[in-house]
Amino acid sequence: MTAMPPTLQRGERRREAAAPPVARRRSPAPRPRQVDVALLVVALGGGATVGSALISETASQLRAAGGVAMLLGNLTGLVGTYLALVMFLLVSRLPFVERVLGQDGLLRWHRKLSPWPISLIVAHAILLTVAYAQATHNGFLRQVGQFVSGYPGMLTAFVGFGLFVAVAVVSIYSIRRRLRRETWWAVHLAMYAAFALAFAHEVVLGPSFVGHPVAQVLWSAAWAATAGLVIAFRFGLPLVRSLRYGLRVDHTREEANGVTSIVLRGRNLERLAVSGGQFFEWRFLARKMWWQAHPYTLSARPQPPFLRLTVQAVGDHSSAVATLPKGTRVLLEGPYGAFTTYAKRHPRVAIVAGGVGVTAARALLEDLGEHSEPFVLLRARTEADLPLVEEVRKLVEDRRGTLKVVTGTRREVPADKVAALLPELRRRDVFVSGSEDFVTAVRAALAKRRVPLSAIHWEEYAL
Ligand SMILES: Cc1cc2nc3c(=O)[nH]c(=O)nc-3n(C[C@H](O)[C@H](O)[C@H](O)COP(=O)(O)OP(=O)(O)OC[C@H]3O[C@@H](n4cnc5c(N)ncnc54)[C@H](O)[C@@H]3O)c2cc1C
């Protein structure tokens, strides 16, 4: 019989001993080619969108009063809306894309892209109002009034536009920083409503669609498919998985200063495909907690019927999980994250974890082979702040690796010193996990030591 996993404690071990050994299922490997194909499809869609806007006016329409503003208004509207569709796809958590880019990568792209649809759609609203005002010799505001009262779909489009601008303003970094994450998330949801409200006016009035039933059908199909993907992957799949696994809190256990493991019990967990280093969005159905989902990494690969996460108390949610009563129902969304051994390019790795970043490091180690000789560096202020050290030690020993625990303040042990302790940097992939500050500093220190970016993999415990 194989040795008992160290994650489990005495009571759990008895139950585990009675259970047959379980074949672990890893999450499917990332397939970058599939993402390349998806990018090609998106680029072709973009080309078709621009093309349909450019040919929407005849030469005489272009020369007429308001003709140029009309063309530009149509172009900015179509391209802005198309880019918004791409942004929705990016946050739909399409599994084959998420596996390659990770959730942080998807969000990075989502944020990079976001100024474009915002400015293009605002430009669209202004340009088309100017175009119609020029064509009908109206003033700007009078034209707005006529739009709202006399054109089909325009009243809802205006409400949608108002919502859109409000969310865009709230999304400005300095304002967003002041909001609670949950408030920010709720406000963000209004974006879906904004685009749903604006949809009718696009196909009913848009020059690219009026009299072009094929374009109408294709545009509607693209939006319907995007809405379907968002509903399926953000809401449907998490619900199905949560029902399938029926997770409940089994017990909690203090691991270090302010750090608690939450052990969950469920069914069918042998079917859960997850790789070491991945995380889930967890929703605990307890008072004051059910309405928010937070990301926490599995601190060990599943050991059916148990799952474990290990949480450092930094705020309301992470403090409350330590006091969850046994039997609390848990919903999960995921697994997410590209911080897995699939990312490695070299046979050997160095793993660097700051504080509670050890959760990802601990689970990642489980996916490394017996003779993988990992070098693992755990970093914390004091040893008492560091959870799961003994488990990591055992996993490192089993893989003939080396463990180094480094303690001290940031000033005593800066990131440069951490990087200097890592051996054979040219011949290893480096996996870094922990707080945003820690990960950023270690990445910069590694870059100074000329470790290629492709060999550095990281998970920041912040969004
Ligand atoms: C991919 C990932 C994996 C993580 N894994 C772990 C883990 O294994 N163990 C662990 O202890 N922590 C982990 N975290 C961090 C954890 O999600 C936050 O500490 C927790 O959500 C804070 O919530 P709070 O209400 O307690 O604190 P708050 O007072 O809300 O916030 C404290 C800090 O956490 C950040 N934060 C708050 N809510 C979220 C959220 N929903 N998503 C991301 N950051 C947030 C805030 O920006 C702030 O910096 C992980 C974060 C990410 C992004």
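In this chain, numbering begins with 1 at the start of the sequence shown. Just so you know, these numbers use all the heavy atoms, side chains as well, and skip hydrogens, waters and symmetry mates. Remember, predicted model here, so these are calculated numbers, not experimental data. Start at 1 and go down the list; that is how both ligands and their atoms are numbered.
Side chains of S275 and T340: a donor-acceptor N/O pair is absent below 3.5 angstrom, by distance only. For the residue pair T440 and D437, no side-chain donor N or O sits within less than 3.5 Å of a side-chain acceptor on the partner. Remark: the T407 side chain and the E383 side chain contain no N/O donor-acceptor pair separated by less than 3.5 Å.
Of the options Y192, F195, Y82, a ring-ring contact (aromatic ring centres under 6.0 Å, His included) to W223 is made by F195 and by none of the others. For the side chain to side chain contact (heavy atoms under 4.5 Å, CB included) test with W282, the passing option among I262, L332, V321 is L332; the others fail.
Of all the heavy atoms of T297, the ones lying under 4.0 Å from any atom of ligand 1 are found in both the backbone and the side chain. Of all the heavy atoms of T310, the ones lying under 4.0 Å from any atom of ligand 1 belong exclusively to the backbone. The parts of Y461 lying near ligand 1 are both backbone and side chain, judged by heavy-atom distances below 4.0 Å. Here E460 has backbone heavy atoms under 4.0 Å from ligand 1, and that is the only part of it that gets that close.
Considering each of S319, G258, A462, the one bringing a non-hydrogen atom nearest atom 53 (C) of ligand 1 is A462. Residue S318 holds the heavy atom nearest to atom 26 (O) of ligand 1 of all those in S318, P295, A313, G357.
Note: R265 CZ to H251 NE2 = 10.5 Å, rounded to the nearest 0.5 Å.
Those atoms of ligand 1 with a heavy atom of H294 less than 4.0 angstrom away are 20 (C), 21 (O), 22 (C), 23 (O), 24 (P), 25 (O), 38 (N), 41 (N). Here is the list of ligand 1 atoms found below 4.0 Å of a heavy atom in H317: 24 (P), 25 (O), 26 (O). Using a 4.0 Å cut-off to heavy atoms of T359, the atoms of ligand 1 that qualify are 7 (C), 8 (O).
No cation-pi contact links R31 to F96, judged by a cut-off of 6.0 Å to the six-membered ring centre and 45° from its axis.
When only interatomic distances are considered, the shortest N/O to N/O separation between E459 and ligand 1 does not fall below 3.5 Å. Remark: ligand 1 and Q312 share an N or O pair separated by less than 3.5 Å (distance only, no angle test). Annotation: F279 places no N or O atom under 3.5 Å from an N or O atom of ligand 1; distance criterion only.
A centroid separation of less than 6.0 Å is found between the aromatic rings of Y296 and H317.
Residue L309 places every heavy atom at 4.0 Å or more from ligand 1.
Looking at R253 and E255, a side-chain N of the basic residue comes within less than 4.0 Å of a carboxylate O on the acidic one, giving a salt bridge.
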